Amino acid sequence: KMGKQAPEGSIASYAIGLNKGFFVPKRDPRSKPSRIRKGSNRARQVLKIIKSVSGLIPYEKRAVELFKLDDPKMDKRASRFLRKRLGTWKRAKRKREELKDMLRIQKAAIRQKKEEAKEE
């Protein structure tokens with residue numbers, strides 16, 4: 001015999017409606033992996049070293065050049081460009097903040113070097 005026995009009180013002989021077809025057991029859905037990827041400290045450090053050695057990807061360089069202009073229109077254009085490259089606004093915002101932080105750190109380092117040069 002194929003399929004399960006019809007539960008009592010159902011109309012199993014009809015070929016239409018909600019109760020049509022064979023009665024089969026309901027399968028449990030597989031557990032999906034978590035969307036949150038935390039990553040280990042070691043993996044983060046390795047990625048950081050790789051990033052510092054290899055530098056920026058070409059699309060990141062282009063976005064940084066747009067951010068350097070300090071114009072709100074260019075910031076928005078850079079954000080749209082990042083969204084197009086990365087696929088979602090969430091990823092684009094994260095990348096934008098990462099690149100802006102990098103620029104801030106670079107500017108602070110340049111400012112500090114200038115101050116040290118003036119003191120000498």
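The residues of the chain are indexed from 1 along the displayed sequence. Everything numeric in this text was worked out from a predicted model, so none of it was measured.
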Under the salt bridge (Lys or Arg N to Asp or Glu O under 4.0 Å) rule, what do Lys118 and Glu115 come out as? Steps first, then yes or no, please.
-> CA-CA 5 Å; Lys118 284 182 183 178; Glu115 288 174 4; over 6 Å; no

When clusters are formed from ILVMFWY side-chain contacts under 4.5 Å, directly or step by step, what else is grouped with Tyr59?
->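 In the cluster with Tyr59 are Leu56, Ile57, Val64, Phe67, Phe81, Leu82, Leu86, Leu99, Met102, Leu103.
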
Take atom NZ in Lys51; do more than 12 heavy atoms of anything else shown fall under 6.0 Å from it?
->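 Enclosed: over 12 neighbouring heavy atoms sit under 6.0 Å from NZ of Lys51.
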
Should we say atom CZ of Arg42 is surrounded by more than 12 heavy atoms from elsewhere, each under 6.0 Å from it?
->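 At most 12 heavy atoms, drawn from other residues, nucleotides or ligands, come within 6.0 Å of this atom.
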
Rounded to the nearest 0.5 Å, what's the gap from CG on Leu47 to OG on Ser52? Could you check?
->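 One gets 11.0 Å once the value is rounded to the nearest 0.5 Å.
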
Any side chain to side chain donor-acceptor pair (under 3.5 Å) pairs touching residues 63-78, not counting sequence neighbours?
->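 Residue pairs passing side chain to side chain donor-acceptor pair (under 3.5 Å), neighbours aside: Asp75-Lys100.
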
Just jot down the side chain to side chain contact (heavy atoms under 4.5 Å, CB included) partners of Arg83, sequence neighbours excluded, or say none.
->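 Applying side chain to side chain contact (heavy atoms under 4.5 Å, CB included) to Arg83 gives Trp89, Ala92.
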
Arg85 pairs by side chain to side chain contact (heavy atoms under 4.5 Å, CB included) with which of Lys95, Arg62, Glu60?
->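 The single option meeting the side chain to side chain contact (heavy atoms under 4.5 Å, CB included) with Arg85 is Arg62.
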
